[in-house]
There are 2 protein chains.
Amino acid sequence: MSDWRTIGVLGGMGPAATVDFLQRLVAGVGAARDRDHPRVLVDSNPYVPDRNAARAGGPSPGPALAAMALGLVDAGAEVLAMPCNAAHGWAGDIVAAIAGRARFVSIVEAAVAAVGNARRVGILAVGATLDAGLYHAPLLARGIGIVDGDLAVVQPLVNRIKAGDTGAEVQSAMRAEALRLVTAGAEAIVAACTEVPLVLRQADLAVPLIDTSACLAMATLAAARR
Amino acid sequence: MSDWRTIGVLGGMGPAATVDFLQRLVAGVGAARDRDHPRVLVDSNPYVPDRNAARAGGPSPGPALAAMALGLVDAGAEVLAMPCNAAHGWAGDIVAAIAGRARFVSIVEAAVAAVGNARRVGILAVGATLDAGLYHAPLLARGIGIVDGDLAVVQPLVNRIKAGDTGAEVQSAMRAEALRLVTAGAEAIVAACTEVPLVLRQADLAVPLIDTSACLAMATLAAARR
């Protein structure tokens, strides 16, 4: 028997962020040989209904996510991870669908656990994540204050990253928005969208950067290790 | 209906090379929005029996690869790709298992088609690839001469890459071996192991580098486009 449970990844939201997450899983294992790695099943499905549009009354991504989760579990996945923050607004549909047959590792729980002693954090996220209060509820419950990123700034940058533009202009603009939140009192920045770490790194900031993709990768490996 | 057939990837041989291949698929699409990408199902299975050991009398990877292919096809994959050259020695088991239900895109055929006008090529590959003559047969059939890389040099470098070492020393040693083949008459170098492009780039060589991962990614996308 392997040292690892099989990992299932609900991906494609977006595809590049999923590959970035898979890279973090590989690097996080730090194995010397192929067979020291976990088996990883991935469903990179870019056709899941848009999370922001769903918040505005469009079709729910819930049924598609539930079907993907079931497919992964049927194929042998024992630990599920979804490298997309906004889609966690429908995590309940996933958990209900798999009915205890696998463990779903929440990106929100993994990231909130990494916030540490910050009294106020800045959130860089898209509309669906902000509207659902995915980070607001658990952070406020811990007495941590929040400064929201400006959706009018962040959403167009995320769209450009999804279109493959991770160049200097996008990096600079994302960093400027993060620094604005620091000036507004944020003692840590949560990259609460898996596209954000593709252009923003810890070296860009003097305060801690909570990289939700990295947090999810480490939490997933911890859950998968026997 | 999407513009794309669903792609299935038999991966994990090794895990980092699989992520590199997935990155090439994402970049190769060049899409502006998530939903312009293909759906990609991945089975990154690092427990497939070792290809080199199998050539030396160990258990065959064939049954595991056939089972992975069937699982991907059952989950909806219509086009299959396997970013591991050595495992193509068991491509026949995969093709037999899927029995026409999906198209298997061969990394060898994709790479040989990219050789162009070279009269003699150098092959950087592991033992299982060389022993099976995976590249020798189709290249010789086209009248193209071959200079084999030195297995005593290439195999330890591939092992180090699989252990996560893609540093300057490994890069330099792989480049030196490629240059030795050029000195021996190679007019192009085939990176006939998907770990090789993780440390060797076209900019390292004055002759064409046939990057088999890149060739497979482009051939897979071409086969998947409706």
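So that the names make sense, note that chain A is the first sequence line, chain B the second, and so on, each numbered from 1. All values below come from the heavy atoms of this structure, side chains included, with hydrogens, waters and symmetry mates left out.
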Quiz item: Does any N or O in the side chain of B/Tyr47 come within less than 3.5 Å of the main-chain N or O of A/Asp34, such that one atom is a donor and the other an acceptor?
Solution: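 Looks like no, no N/O pair under 3.5 Å.
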Quiz item: So which of A/Ala27, A/Gly11, A/Pro15, A/Gly164 has the biggest tally of heavy-atom pairs under 4.5 Å with chain B?
Solution: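 The answer is A/Pro15.
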Practice problem: Look at A/Leu25, A/Asp43, A/Thr6, A/Val9 and state which one has the largest set of heavy-atom pairs under 4.5 Å with chain B. | Solution: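 The residue among A/Leu25, A/Asp43, A/Thr6, A/Val9 with the greatest pair count is A/Asp43.
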Self-check item: Heavy-atom closest contact (A/Ala163 atom, B/Ala32 atom, distance)
Solution: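 Closest heavy-atom pair between A/Ala163 and B/Ala32: CB-O, 3.4 Å.
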Practice problem: Please determine, among B/Met13, B/Arg33, B/His37, the option with the most heavy-atom pairs under 4.5 Å with chain A. | Solution: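 Option with the top pair count is B/His37.
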Quiz item: In terms of heavy-atom pairs under 4.5 Å, which option from B/Asn45, B/Val26, B/Ile7 contacts chain A the most?
Solution: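 The candidate making the most pairs under 4.5 Å is B/Asn45.
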Would you say that [X] contacts [Y] through its side chain, given a criterion of any heavy-atom pair below 4.5 Å between the two side chains?
X	Y	result
A/Gln23	B/Asp20	no
B/Arg39	A/Ser44	no
A/Leu41	B/Val42	no

Quiz item: Any Lys/Arg nitrogen of B/Lys162 or A/Asp36 sitting under 4.0 Å from an Asp/Glu carboxylate oxygen of the other?
Solution: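 So B/Lys162 does not pair with A/Asp36 through a salt bridge.
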Quiz item: Hey, is A/Asp50 close enough to B/Arg35 for a salt bridge, meaning N to O under 4.0 Å?
Solution: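 Looking at A/Asp50 and B/Arg35, the cut-off is not met.
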Quiz item: Which atoms of B/Ala31 come close to chain A, meaning under 4.5 Å heavy atom to heavy atom: side chain ones, backbone ones, both, or neither?
Solution: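 For B/Ala31, the contact with chain A is made by the backbone alone.
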Quiz item: Any chance CD of B/Gln155 has more than 12 other-residue heavy atoms, nucleotides or ligands included, within less than 6.0 Å?
Solution: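 Above 12, so yes.
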Self-check item: Residue A/Glu109 excluded, over 12 heavy atoms near CD under 6.0 Å
Solution: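 Result for CD/A/Glu109: open.
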